[in-house]
There are 2 protein chains.
Amino acid sequence: MPDSSFKEIRDLTLFSQMADENFSALMRGAYVQNFPAQIELITEGDPSDFLHVVLSGSVDLVSAWNGRETSLATVRPISTFILAATIKDAPYLMSARTLEKSRIALIPSQDVRAVFDIDGNFARAVVTELAQCYRSVIKAQKDLKLRTSLERLANYLLRQQRRTGGAASFVLDYEKRRLASVLGMTAENLSRAFKGLQPYGLEVDGTRITITNQAEFERFARPNPLIDDGST
Amino acid sequence: MPDSSFKEIRDLTLFSQMADENFSALMRGAYVQNFPAQIELITEGDPSDFLHVVLSGSVDLVSAWNGRETSLATVRPISTFILAATIKDAPYLMSARTLEKSRIALIPSQDVRAVFDIDGNFARAVVTELAQCYRSVIKAQKDLKLRTSLERLANYLLRQQRRTGGAASFVLDYEKRRLASVLGMTAENLSRAFKGLQPYGLEVDGTRITITNQAEFERFARPNPLIDDGST
DNA sequence: TTCCCCTGTTGATAATTGTCAAGACTTCAA
DNA sequence: TTGAAGTCTTGACAATTATCAACAGGGGAA
């Protein structure tokens with residue numbers, strides 16, 4: 001594995017506190033690979049052989065049932081995915097698919113579990129990461145169960161606005177079709193939802209979004225830190 | 001704290017592998033309390049002062065937004081709840097309310113975090129527990145996003161059937177109004193959903209459920225281990 | 001350029017789900 | 001027993017969301 005990737009991974013909070021020798025042990029069996037867009041990296045139901053780290057590009061986590069498919073999360077650099085499956089040595093619950101050309105590090109799951117058993121710092125870092133993931137999914141669950149699709153879209157836009165710096169005008173980082181899937185609605189419905197938000201101070205031009213009336217828009221969306229704050 | 005409660009907690013996988021002295025340290029600040037039904041034990045948004053352990057009775061985890069409320073999980077003995085908030089020292093994402101008269105142990109969160117930092121076995125047990133919780137929520141998310149309310153109910157009934165031993169006839173352990181909330185639908189809709197499942201081999205008499213045509217019912221429900229299996 | 005493919009949009013319609021109001025049926029206590 | 005409060009069910013209706021079909025517009029490739 002090239003040194004640069006090594007360092008990027010080492011700097012992740014998940015790996016930054018562990019002993020040097022244990023990190024080396026992890027990296028010994030790991031390798032980095034470049035994947036083109038639209039490649040299925042893992043398939044739900046398969047045994048979890050590797051912990052994945054997205055170094056560049058982006059990866060969509062999706063699940064399918066009975067002919068339907070939904071997008072559950074998008075992983076962007078630099079972060080890991082399917083940590084829980086790796087730790088539990090259980091099958092993947094989601095499939096992972098590159099959205100664009102991506103550089104991915106693969107760390108053998110059995111090495112992760114072995115180091116996890118002997119390195120307390122690593123174990124604690126894993127806990128922090130998992131607790132974070134758990135709380136994120138709980139928030140997503142609340143978003144889905146407590147809000148209509150219009151409200152979900154409005155709050156998503158406010159979150160995206162904050163992520164991109166807070167300006168009134170910003171750009172979506174999703175293809176609309178995938179955004180619809182993330183928000184739990186159809187593409188057609190998303191298109192109508194964008195229109196439905198215009199009376200509350202929203203302008204849409206392709207992927208460029210402008211909130212023309214922030215106060216009015218927030219009055220409709222009613223963002224809530226216990227659902228919409230990414231950090232806690 | 002009475003010895004019996006002490007032992008019940010010690011036997012939880014979360015606490016069973018930790019050092020005696022650390023467990024004692026945890027228990028020193030802990031106490032057990034009896035609560036009547038319908039008492040709000042914690043409120044979402046509050047700081048997480050205690051890790052809770054349900055020793056008897058049952059507790060509903062709910063969340064509210066904009067005048068709506070939804071039930072996210074039910075905790076039954078013997079298990080803990082709001083572990084993630086305790087570990088992260090972050091606000092509760094859900095409120096907890098007793099469903100019936102319940103005996104609850106409260107362990108100060110700061111003690112949990114302190115022991116977590118010095119006891120590797122405990123840290124690893126926490127990881128296992130959190131990974132389990134995380135995967136459960138992911139499954140719930142898939143259930144919600146990929147299935148209609150009729151399908152969710154059908155698969156819930158199959159899960160409940162398995163939990164209660166697998167007989168064709170079994171009893172619901174939820175009040176129907178709460179079941180509706182858990183399944184993400186209204187009580188009225190649940191009532192109609194029960195009727196809608198009758199053509200597929202279901203009989204309902206109050207809280208007693210009978211699956212009269214298991215094959216046909218499963219053909220409709222299409223249960224999937226990656227959504228419906230509780231263990232993995 | 002022209003064609004093709006893809007994304008996104010729109011309209012018409014259907015299916016699903018929620019809301020409101022009313023009534024049936026328990027349960028429990030006076 | 002009676003009444004009161006609760007859950008559950010039902011019907012009528014409205015809102016939300018999905019489905020299907022069609023079409024506009026924007027790249028790319030030949």
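In what follows, every chain begins at residue 1, and chains take the letters A, B, ... in the order their sequences are listed. Quantities reported herein were computed from a predicted structural model and do not represent experimental measurements.
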What's the [atom1]-[atom2] distance between [X] and [N], to the nearest Å?
{"X": "B:K195", "N": "D:dT9", "atom1": "NZ", "atom2": "P", "result": "9 Å"}
{"X": "B:N189", "N": "D:dG11", "atom1": "CG", "atom2": "P", "result": "15 Å"}
{"X": "A:M185", "N": "D:dA18", "atom1": "CE", "atom2": "C1'", "result": "11 Å"}
{"X": "B:L190", "N": "D:dT7", "atom1": "CG", "atom2": "C1'", "result": "12 Å"}
{"X": "A:L144", "N": "D:dT17", "atom1": "CG", "atom2": "C1'", "result": "13 Å"}
{"X": "A:E188", "N": "D:dC20", "atom1": "CD", "atom2": "P", "result": "10 Å"}
{"X": "A:R152", "N": "D:dT16", "atom1": "CZ", "atom2": "C1'", "result": "11 Å"}
{"X": "B:D205", "N": "D:dT9", "atom1": "CG", "atom2": "P", "result": "10 Å"}

- By nearest-nucleotide position on DNA chain D, the 5'-leaning member of B:Y174 and B:R192 is B:Y174
- A:S5 and A:R103: side-chain donor and acceptor closer than 3.5 Å? yes
- So, B:T212 versus B:E203: side-chain donor-acceptor pair below 3.5 Å or not? no
- Message: Ring-plane angle category for B:F220 and B:Y200, please: parallel below 30°, perpendicular beyond 60°, tilted otherwise.
- Response: parallel
- Task: May I ask you to evaluate whether A:S149 reaches the phosphate of D:dT17, defined as a side-chain N or O under 4.0 Å from OP1 or OP2?
- Result: yes
- When every non-hydrogen atom of A:A105 is compared with those of A:I9, the smallest separation belongs to CB-CD1, 3.7 Å
- Look at A:K139 together with A:D143 and state whether they make a salt bridge at an N to O cut-off of under 4.0 Å. no
- chain B on DNA chain C: first and last contacting nucleotide, 5' to 3', under 4.0 Å to a heavy atom? C:dT17 to C:dC20
- Measure the spacing between CD of B:E8 and CG of B:L55 and express it to the nearest 0.5 Å. 5.5 Å
